[in-house]
Amino acid sequence: MADEVRVRFAPSPTGELHVGGARTALYNWLYAKNLGGKFILRVEDTDEKRSTEENLETILRSMQWLGLDWDEGPVLQSDRLDLYNDYVSLLMSSGNAYYCFAAQEDIEEQRREALEADENWVYRGADRELSSDEVRAKLDAEEPHTVRFKVPDEGTITVDDAVQGEVTFESAHIEDFVLQRSDEKPTYHLSNVVDDIEMGITHVIRGADHLSNTPKQVLVYEALNAKLPIFAHLPLILGEDGKRLSKRHGATSVEHFHDKGYLPGAVINYLALLGWNAGDDREVFTSAELTSEFSLERVNKANPKFDVEKLSWLNGEYIKEVPAGELRPAVREALQVRGCWNEELDMERRDFFFALIELWQPRSRTINELADHIAPFLTEAFAYEPDGLKEHVHGKDLLGVVQAFREALLQVDPWNQEQLEESLREVATGAEKEAAELIHPTRIALVGKKASPGIFEVLELMGREKARVRLDRMIRYLSKLEEAKTKRLEQIAAAAAKK
RNA sequence: GGCCCCAUCGUCUAGUCAGGCCUAGGACACCGGCCUUUCACGCCGGCGACACGGGUUCGAAUCCCGUUGGGGCUACCA
């Protein structure tokens, strides 16, 4: 029987889960699902200065939101420090590691000098040669020390990477790296390898920023006589400026996309296609298609740039296709944030709420946009869009026709699109105006914007009472315009009379 | 600086491993047009790329070398 596939996502809780990490998690998850393997979550928190509980919680929340469920874990490295110490002893007794008493500052000094002199330099600990008596004496004297790996002076290490192909490194270019810090905590190079061995990880799928570190880890595997996993290094996601994605690019955390009203399915879909493709022209994938078709062979080697425009388009595609009912909780949340949620929308006005969602689905790319569009139906606390006023209201002599339409609406029966349209056209004709000349100001009166779904649809859905209140508001606005105009004319007349 | 990786439209990419089917295909964005009371959707059309230079070959986006450009690593971070 072939070994079960076991992959892991191993974030360090030094920040939120950003899209790069999310994609790494996703590819691991897809790989496991594709092969019926296990997806394990491990938290690499051996750097206690930079790791926080809060970050961990955010990461877990983001993964859950994306639907990246794990089969085992989360395993915290901080819970198993003894394990790493056991391995240090093992490496020490097999002669692959040694105590290093050199002061950090001294090494840094040497490193700096070498760099300035343009020399290629790697640290080779002089303490490799210390006799066991000398080591014992220093240890007894409690001299601060680290444990370093004894890197061979010669030879090459070849990493056979599932994405990058064969990559060869010279041992001579690798320094005697630290396995255990002076505070006895393991470094990443140790804990990472130990856990991958202990957890039976078969495939290490991670960002390409780890490729250069891989030979060090291979050395540790070999020193431990452990079987190497298959490595797969994913290209790094870059920001729009071509630089590696970081906080400097602002909004790149998964949490942010949740807050902005993106759907988890769309984010997953976008991330899956950022560096991988099925070999055809499809852009929209179901989760099932993704898991059944994913393969490391089709992962690209070049670094992609993160394009929020395309994500937004995809998100719009998802919003369009999803049944209104599934959007309900997210829209509700967004409306609550905007302070225009009413419990009635979940009870007696449930159908109305659903109809509102359906009305705006085809013209919203995010849940937040959708909520912004729905809000005017729930509250009158919206402003008239300046552009709309300028184009369709100011200087149009509308007071009379809007008043007439307001009166006509009171008589419309039944209250449906056909009757509403008939009524509006009649009023416009009576006032010797084009229907459009009444439609545009009406739209602004109803929702404050110059764009909306069909005006009769909006009217029908909004209902007579709300429509009346909003037209009254527009009538007051138009009256004020008239007043101001009259006043100005009087002033001009008065000024002319004086001359 | 050294080591490692990468390089097709502005962006994501197909095609590269097995060279001719590529006057390089799709998607996002952008620009026109149609539809329409507006916007969006939808439909139709347009703009737009094999980084550069050498080879190899009858033939190169595809193979080789170099240059340039980008990214990563170079910590008692991960």
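Remember, predicted model here, so these are calculated numbers, not experimental data. We use all heavy atoms of the structure for the numbers below, so side chains are in, but hydrogens, waters and symmetry mates are not.
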### Message
Within 45 degrees of the ring normal and closer than 6.0 Å to the centroid, is that where the cationic atom of A/Arg206 sits relative to A/Phe9?
### Response
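No.
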### Task
Test the A/Arg128-A/Phe149 pair against the cation-pi criterion, namely NZ or CZ under 6.0 angstrom from the six-membered ring centroid and within 45° of the ring axis.
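A/Arg128 over A/Phe149 ring: no.
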### Message
In whole Å, measure the gap between the P atoms of B/A29 and B/A18 for me.
### Response
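Result for the P pair: 38 Å, nearest Å.
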### Message
What's the gap between B/C17 and B/G1 when it is taken at their P atoms, as a whole Å value?
### Response
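Comparing P positions in B/C17 and B/G1 gives a spacing of 33 Å.
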Indicate, with a heavy-atom threshold strictly under 4.0 Å, whether [X] touches base, sugar-phosphate, or nothing.
X	answer
A/Asn303	sugar-phosphate
A/Gly275	sugar-phosphate
A/Ser191	nothing
A/Pro215	nothing
A/Arg42	nothing
A/Phe456	base
A/Glu309	sugar-phosphate
A/His392	nothing
A/Ser12	sugar-phosphate
A/Thr187	sugar-phosphate

Where the side chain of [X] is concerned, which of [options] is the nearest nucleotide?
X	options	answer
A/Glu175	B/C73, B/C5, B/A75	B/A75
A/Arg111	B/C76, B/A75, B/G71	B/A75
A/Gln164	B/C6, B/U74, B/G71	B/C6
A/Trp313	B/C73, B/G15, B/A27	B/A27
A/Tyr188	B/G71, B/C73, B/A78	B/A78
A/Leu236	B/G71, B/C76, B/C28	B/G71
A/Val167	B/U13, B/C5, B/A7	B/C5

### Task
Please find out if less than 6.0 Å separates the ring center of A/Phe294 from that of A/Phe285.
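Here the rings of A/Phe285 and A/Phe294 have centres that are no less than 6.0 Å from each other.
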Short side-chain N/O contact from [X] to OP1 or OP2 of [N], under 4.0 Å:
X	N	result
A/Asn277	B/U13	no
A/Asn300	B/A14	yes
A/Arg282	B/G26	no
A/Lys305	B/U11	yes
A/Lys449	B/U38	no
A/Arg298	B/G15	yes
A/Lys320	B/G42	yes
A/Arg50	B/A75	no
A/Arg363	B/G42	no
A/Thr46	B/A78	yes

### Message
Counting only heavy atoms and a strict 4.0 angstrom limit, can you tell me which residues of residues 16-23 of chain A come near RNA chain B?
### Response
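Nothing qualifies; none.
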#### Entry: Contact residues, residues 427-447 of chain A to RNA chain B [heavy atom, < 4.0 Å]
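Correct list: A/Ile439, A/His440, A/Arg443.
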### Task
Look at the aromatic rings of A/Tyr477 and A/Tyr384 and report parallel, tilted or perpendicular, splitting at 30° and 60°.
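Because their plane-to-plane angle is over 60°, the rings of A/Tyr477 and A/Tyr384 count as perpendicular.
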### Query
Ignoring hydrogens and angles, does a donor from either the side chain of A/Lys310 or the base of B/A27 sit under 3.5 Å from an acceptor on the other?
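Answer is yes: a donor-acceptor pair is held.
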### Message
Suppose we call a contact any N or O donor and acceptor under 3.5 Å apart; does that hold for the side chain of A/Asp307 and the base of B/A29?
### Response
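Absent.
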#### Entry: Pairs touching residues 10-27 of chain A that satisfy side chain to side chain donor-acceptor pair (under 3.5 Å), sequence neighbours left out
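Listed once each, the pairs are A/Glu16-A/Ser253.
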